[in-house]
S.K.: 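Take this structure, written in structure tokens, and hold onto it; I'll ask about it next.
For the single chain, residues carry numbers from 1 onward in sequence order.
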Amino acid sequence: MTDIRMRQDGPADASAGALVSQISEQVSTLVRQELELARTEMVEKGKRAGTGAGMLGGAGVLALYGVSALLLTIGAALALALPDWLAALIVAVLVLAAAGVAALLGRKQVQQATPPAPTEAVDSTKRDVGTVKAAAREGRRR
């Protein structure tokens with residue numbers, strides 16, 4: 001008698017509506033769990049990315065101080081052969097010239113990146129639409 005009860009209470013005798021309801025609940029639970037897992041993973045990755053970005057920023061600041069010390073050293077070395085003011089002027093002119101070159105190169109890169117719209121993709125899409133329209137016209141004529 002126990003075996004008969006187990007079969008009657010089990011999924012073999014469950015109605016189709018009950019099975020659909022169970023599947024719906026299970027899929028809903030599965031989707032919620034997957035979304036929670038994805039959220040947890042993204043939070044963890046976001047924390048790591050934030051830490052990494054902070055470390056990169058700190059490295060940039062230290063590099064700036066290092067370059068400043070290097071420029072000071074170059075100026076001091078030049079001051080051994082030239083007056084102090086002339087050594088400082090030479091180093092300043094070289095640094096400003098490097099900044100100017102970097103600015104010009106950066107400006108060129110920005111100009112090449114504008115406009116921000118994907119012009120090649122838009123042009124390609126327009127060509128595709130034109131091809132489809134032409135094929136549709138040809139199909140109507142036949």
Side-chain angles (χ1 to χ4, degrees), residues 2-3 5-142:
T2 307
D3 291 332
R5 264 195 206 144
M6 289 177 75
R7 276 191 234 144
Q8 287 177 347
D9 293 343
D13 288 337
S15 69
L19 290 175
V20 169
S21 177
Q22 276 184 329
I23 290 172
S24 176
E25 288 175 22
Q26 290 175 353
V27 167
S28 177
T29 301
L30 179 62
V31 168
R32 271 189 255 116
Q33 288 173 345
E34 289 294 332
L35 288 173
E36 180 63 25
L37 177 63
R39 187 190 71 77
T40 302
E41 184 179 351
M42 293 306 294
V43 166
E44 183 179 322
K45 286 185 178 183
K47 287 179 183 177
R48 285 187 180 166
T51 302
M55 289 178 166
L56 285 172
V61 170
L62 290 175
L64 182 63
Y65 284 124
V67 168
S68 297
L70 181 63
L71 292 173
L72 182 64
T73 303
I74 291 170
L78 284 174
L80 294 175
L82 302 170
D84 292 347
W85 66 269
L86 185 56
L89 180 63
I90 290 171
V91 171
V93 167
L94 290 176
V95 169
L96 291 174
V101 169
L104 290 175
L105 292 174
R107 180 174 169 236
K108 182 179 177 183
Q109 291 294 320
V110 169
Q111 286 175 342
Q112 288 177 351
T114 55
T119 54
E120 291 179 23
V122 169
D123 292 342
S124 174
T125 303
K126 286 180 182 178
R127 283 193 304 273
D128 292 345
V129 168
T131 302
V132 170
K133 284 182 179 179
R137 281 190 226 116
E138 282 293 318
R140 289 181 189 159
R141 291 182 190 162
R142 293 184 181 184

S.K.: Determine the minimum heavy-atom distance between Gly75 and Ala87, stating which atoms define it.
M.R.: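 Closest heavy-atom pair between Gly75 and Ala87: O-CB, 3.4 Å.
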S.K.: Quick one: list whatever passes side chain to side chain donor-acceptor pair (under 3.5 Å) with Arg127, sequence neighbours left out.
M.R.: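 If we apply the side chain to side chain donor-acceptor pair (under 3.5 Å) test to Arg127, skipping adjacent residues, there are no hits.
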S.K.: Residues in salt bridge (charged side-chain N to carboxylate O under 4.0 Å, His left out) with Glu25, at least two apart?
M.R.: none
S.K.: If you define the side chain from C-beta out and look only at heavy atoms, does anything of Leu30 sit under 4.5 Å from Gln26?
M.R.: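 No, side chains not in contact.
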S.K.: Write out all pairs satisfying side-chain hydrogen bond (donor to acceptor under 3.5 Å, both in side chains) with one or both partners inside residues 60-72, taking only residues at least two apart or from two chains.
M.R.: none
S.K.: Side chain to side chain donor-acceptor pair (under 3.5 Å) with Ser28: which residues, sequence neighbours excluded?
M.R.: Arg32
S.K.: If I take atom OG1 from residue Thr73 and atom CG from residue Leu78, how far apart are they, to the nearest 0.5 angstrom?
M.R.: 11.0 Å
S.K.: For the side chain to side chain contact (heavy atoms under 4.5 Å, CB included) test, which of Leu82, Ile74, Val95 pairs with Ile90?
M.R.: Leu82
S.K.: In residues 43-54, what donor-acceptor pairs under 3.5 Å come from side-chain atoms, sequence neighbours left out?
M.R.:
unit_1 : atom_1 : unit_2 : atom_2 : d
Glu44  : OE2    : Arg48  : NH2    : 3.2
Lys45  : NZ     : Glu41  : OE2    : 3.3
Thr51  : OG1    : Lys47  : O      : 3.0

S.K.: Does anything in residues 74-100 form a salt bridge (charged side-chain N to carboxylate O under 4.0 Å, His left out)? List the pairs, not counting sequence neighbours.
M.R.: none
